[in-house]
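Everything on this sheet refers to the single structure shown next.
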Amino acid sequence: MGNLEATRPFPDSEEMEISFGPQHPATHGVLRVMVRVDGEKIVDAKPIIGYLHRGTEKIFERETYNGTIPHTDRMDYTAAATNNQALVGAVERMMGVTVPPRAAYIRMILAELQRIASHTIWLGTHALDIGAQTPFFYTFQERETILDLYEEYCGARLTLNCMRVGGQPFDLPEGWTGRCGAFVDQLPARIAEWERLLTNNRIWKLRTIGVGVISAANAIEWGLTGPPLRGSGVKWDIRKVFPYDRYDEVDFEIPIGANGDTYDRYLVRMEEMRQSVRIIKQCLAKLPDGPVMAKVPKVIKPPKGEFYFSVEGPKGELGFYAVSDGTTNPYRLHVRPACFINLQALPELVRGHLIADMVAVIGTLDIVLGEIDR
Amino acid sequence: MNEQQNVPPQPPEAPKPPWEEKPVPPEPRDAREHEQVREIAAIVPDAVLEAVEFAGQVTVTVARERILDVCRACKEKLEYKFLVDLTAVDWLERPEGRFDVVYWLHRFSDSRRLRLKVRVADGVEVPSVTGVWKVANWMEREAFDMFGIYFADHPNLERILTWEGFSGHPLRKDFPIEGIDTGAAIYPDVYPPGGGPVAGGEGE
């Protein structure tokens, strides 16, 4: 940004405060940002959240452990499978349960499909916000197939409730692996198609390169996780650092960016989808036989203690901090929401940019207000 | 000939895979001698009140007055550069302080995590760690909003998930799960105190 002072048409004009949202299509939900602007330049921004607060953590306390799973679906509603995975993982480790290998592999397939589904929503809406309307139709077509696969597995498309403490509630239906395999086989060609629309698109590049830059050190200081952290060049992924399920048995790379701008985060997510395809293919090939549910007691009752468990969600590190008092209900179940923490860095990313860039930055952080407000 | 001698020798029973055994829950252990705890004790002496290890995770309870020193030492000398999570737990009846404020730190060099914990009584201030990790800002606001824990020297300690006019702190154990009278708080002129619409009430 150059020195606007010199070119100001009205030198005596004042800074203005405008309210961006909460009912604005580009805020991806009910996010309100109070923006102080000088002309078109953003001086400061202050996100105001809480419009979707449903007291999920309070509700957890009156549910049994398995009863909390449907509530986690409604946090990040674009990624229900990874939410389930984080919750059941925390409870299983507190109880010392080992999940049967077949269940672990099914979980990984569901979670990676979910990552692709979440990234397709992100790509479609992010591009739509910036002004490229076409990718939206392409990406939602592929997402539909993923939702069909989910529907066939557990009956739900969005709020899946597809995992239980100790394993999986159902085995895979007849022919499911074949249909899933066919889908992931054709997906790389679709991803290449989306990339052809955007990666070398001049408008896309102008709108994203150099917008919302954050350095690696600053990203860690602001607690960013997931693609926003990796876009800044930090090679960090919970699946590699603390492997859960059977992620240590599959082969995949962690894509990282270099400049920490919106364009790099875009490239990171596109590559992540390809890596997810790679993981799913390996899982389908290796899928072992056997039970899908471990021998867990009928009544889930973790011992007294506290445990934090996190998974690499599509948006970043999603963690559950469970405190048990030895009864059937969690004494406290706290969520470490990736979007909530990532959104906090928004003022840092938009300061000095134009108002139109705010839309790009909100899109690149890939926030879901259901998880932020809980 | 004895009939039993004809029975072929039985192979020793194969051990069952862990998912078919009854799960064995982890036990809490004293962790004063744990490497991560000794590191802290060496840098900030007398700060560690208690140290427990449960399921491989170390929890260190620290005196409230020392938490800022410990956090700063953890970040600057022990390389815990990343504050992953900060939250609170309400132990309503506990005599030595009602709330636990819980910090969950990560270190990149050897991928280890550490939990710090402070016990505070209701209405007592905890030093804010926003000066140590910037990310603590919204986390502390959330703990304030949900539990009513005050963080001293926080730059902007406001409610974050509930609205400005809200009274009470929802995640306290004595906050009713069916909700409170919210109408009186927003429209004091229209509804007398206690006379507004009740969240979660039966309605008309």
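Note: hydrogens, waters and symmetry copies are ignored here, and every other heavy atom, side chains too, is used. Residue numbering restarts at 1 for every chain, and letters A, B, ... go by the order of the sequence lines. Since this is a predicted model, take the numbers as computed values, not measurements.
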Backbone N/O of [Y] and side chain of [X]: donor-acceptor pair under 3.5 Å:
X: B/Asp85; Y: B/Trp104; value: no
X: B/Gln36; Y: B/Arg113; value: yes
X: A/Thr328; Y: A/Lys301; value: no
X: A/Lys315; Y: A/Glu371; value: no
X: A/Lys58; Y: B/Pro176; value: no

Proximal component of [X], with respect to chain A [non-hydrogen, under 4.5 Å]:
X: B/Arg141; value: neither
X: B/Phe175; value: both
X: B/Val24; value: backbone
X: B/Trp138; value: both
X: B/Val84; value: both
X: B/Glu21; value: backbone
X: B/Asn137; value: both
X: B/Pro170; value: backbone
X: B/Arg159; value: neither

Practice task
Decide if the gap between the ring center of A/Trp236 and the ring center of B/Phe82 is smaller than 6.0 angstrom.
Solution key: yes
Please classify the contact of [X] with chain B as side chain, backbone, both or neither, using a heavy-atom distance under 4.5 Å.
X: A/Val323; value: side chain
X: A/Ile341; value: side chain
X: A/Pro302; value: neither
X: A/Lys46; value: side chain
X: A/Ile238; value: side chain
X: A/Phe340; value: both
X: A/Phe242; value: side chain
X: A/Leu52; value: neither
X: A/Met94; value: both
X: A/Ile372; value: backbone
X: A/Glu306; value: both

Handout entry: Nearest-0.5 Å distance that lies between atom CG in B/Leu114 and atom CD in B/Gln57
Key = 10.5 Å
Practice task
Would you give the length of the straight line joining atom NE2 of A/His334 to atom CG of B/Leu171, rounded to the nearest 0.5 angstrom?
Solution key: 9.5 Å
Problem - Side-chain H-bond candidate by donor/acceptor type, A/Gln168 with A/Arg107, under 3.5 Å - result: yes
Lys/Arg-Asp/Glu bridge criterion (N-O < 4.0 Å) met for [X], [Y]:
X: B/Arg98; Y: B/Asp174; result: yes
X: B/Glu79; Y: B/Arg107; result: no
X: A/Glu61; Y: B/Lys173; result: yes

Name the member of [options] that forms the most heavy-atom pairs with chain B at distances under 4.5 Å.
options: A/Pro100, A/Gly96, A/Gly50; answer: A/Pro100
options: A/Arg374, A/Glu221, A/Met293; answer: A/Glu221
options: A/Glu348, A/Arg93, A/Glu317; answer: A/Glu317
options: A/Lys304, A/Glu57, A/Met95; answer: A/Met95
options: A/Ile220, A/Val241, A/Val97; answer: A/Ile220

Report the option among [options] that has the most heavy-atom pairs separated by less than 4.5 Å from atoms of chain A.
options: B/Glu158, B/Glu142, B/Met146, B/Lys134; answer: B/Lys134
options: B/Ala55, B/Ala136, B/Gly56; answer: B/Ala55
options: B/Arg115, B/Met139, B/His106; answer: B/Arg115

Exercise for the section: In sequence, state the C-alpha distance, the side-chain angles, and the governing distance for A/Glu63 and A/Leu333, and then conclude on side chain to side chain contact (heavy atoms under 4.5 Å, CB included). Expected result: CA-CA 11 Å; A/Glu63 299 284 359; A/Leu333 193 52; over 6 Å; no
Is it the case that more than 12 heavy atoms not belonging to [X] sit under 6.0 Å from its [atom1] atom?
X: B/Asp110; atom1: CG; result: yes
X: A/Lys295; atom1: NZ; result: no
X: B/Asp46; atom1: CG; result: no

Exercise for the section: May I ask you to decide if the ring planes of A/Phe309 and A/Phe307 are parallel, tilted or perpendicular, using 30° and 60° as cut-offs? Expected result: parallel
Handout entry: A/Asn66 and A/Thr64: CA distance, side-chain angles, deciding distance, side chain to side chain donor-acceptor pair (under 3.5 Å) verdict
Key = CA-CA 6 Å; A/Asn66 271 332; A/Thr64 60; over 6 Å; no
Exercise for the section: Could you give me the CA-CA distance, side-chain angles and deciding distance for B/Val102 and A/Tyr308, then say whether side chain to side chain contact (heavy atoms under 4.5 Å, CB included) is met? Expected result: CA-CA 11 Å; B/Val102 185; A/Tyr308 175 93; over 6 Å; no
Completion exercise
Residues of residues 62-73 of chain B with a heavy atom under 4.5 Å from any heavy atom of chain A, in residue-number order, are none
Exercise for the section: Test side chain to side chain contact (heavy atoms under 4.5 Å, CB included) on B/Val58 and B/Arg112 and set out the steps. Expected result: CA-CA 10 Å; B/Val58 181; B/Arg112 280 199 166 171; over 6 Å; no
